[in-house]
Amino acid sequence: LTGRGQGQDRIETLIALMARLPGLGPRSARRAVLHLLRKRALVMAPLAQVMAQVAAEARDCTVCGTITTGEICDICADPRRDAGLVCVVQDVGDLWAMERAGVYRGRYHVLGGLLSALDAVGPEDIGVPRLVARAAGLREVILALPATVEGQTTAHVLQEALAGQGVTLSALAQGVPMGGELDYLDDGTIGAALSARRIL
Ligand SMILES: [Zn+2]
């Protein structure tokens, strides 16, 4: 038993890796790979090139913590974004959902997780000191965190950390769904939750 059985055909390896992607099972991975193989020059080669570049260059924005391929992300570098307004989100997917809704013109702080005594996640792990360091230039910090125990614990710790900094703290009117996936909310709901946010 040599050859294909031992995985010398990298196409099978590619299919197996693609099948691990969210929303893709073995059948759709096979379909996607077949499409790529048929469009090798037009789709597969440019995709492989950009993917290798992003894999090599992706890192956390030194200001907000989102994933970027530069030193500072496009949002933090954009002078048209309100630098006095920061929205705190659990992860990059939540930031992307807010951006997709197209209603928010401030900047972000991406936690990369929530405080959890169980998983030994502390304030430093979610960049609380980095947020406090930005506080001097801020008018308002909007919390867009899930209505879970971890979400509420995190909100409480952020509230204490920012107390006395002269920053207004608010929260989205509607709680973010379990797991912090703002992505599950439609754009109109995100907009309504933002404009009806409550001051804490
Ligand atoms: Zn940034």
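As the structure is a prediction and not an experimental result, all values here were calculated from the model. Only heavy atoms go into these numbers, but all of them, side chains included; no hydrogens, no water, no symmetry mates. This chain uses plain numbering: 1 for the first residue, then up along the sequence. Order of listing sets the numbers, starting from 1, for every ligand and every atom in it.
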Residue-atom pairs from the protein, N, O or S only, that lie under 2.8 Å from the Zn ion (ligand 1):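 Counting only protein N, O or S atoms under 2.8 Å from the Zn ion (ligand 1), the list reads Cys61 SG, Cys64 SG, Cys73 SG, Cys76 SG.
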Sequence-distant partners of Thr68, side chain to side chain donor-acceptor pair (under 3.5 Å), two or more places apart: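 In terms of side chain to side chain donor-acceptor pair (under 3.5 Å), with neighbours along the sequence ignored, Thr68 is linked to no residue.
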Set of residues satisfying side chain to side chain donor-acceptor pair (under 3.5 Å) with respect to Asp74, sequence neighbours excluded: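 By the side chain to side chain donor-acceptor pair (under 3.5 Å) rule, Asp74 matches no residue at all.
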Flag for Glu140-Ser170: side-chain donor and acceptor within less than 3.5 Å: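 Ser170 vs Glu140: donor-acceptor pair found between side chains.
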Shortest non-hydrogen separation from Arg59 to Thr69 and the atoms involved: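 In this case the closest contact between Arg59 and Thr69 is NH2-O, 4.2 Å.
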From Ile126 atom CD1 to Thr154 atom OG1, the distance as rounded to the nearest 0.5 Å: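 The distance works out to 5.0 Å.
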Those residues that, when tested against Arg107, pass salt bridge (Lys or Arg N to Asp or Glu O under 4.0 Å) (two or more places apart):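 Arg107 satisfies salt bridge (Lys or Arg N to Asp or Glu O under 4.0 Å) with no other residue.
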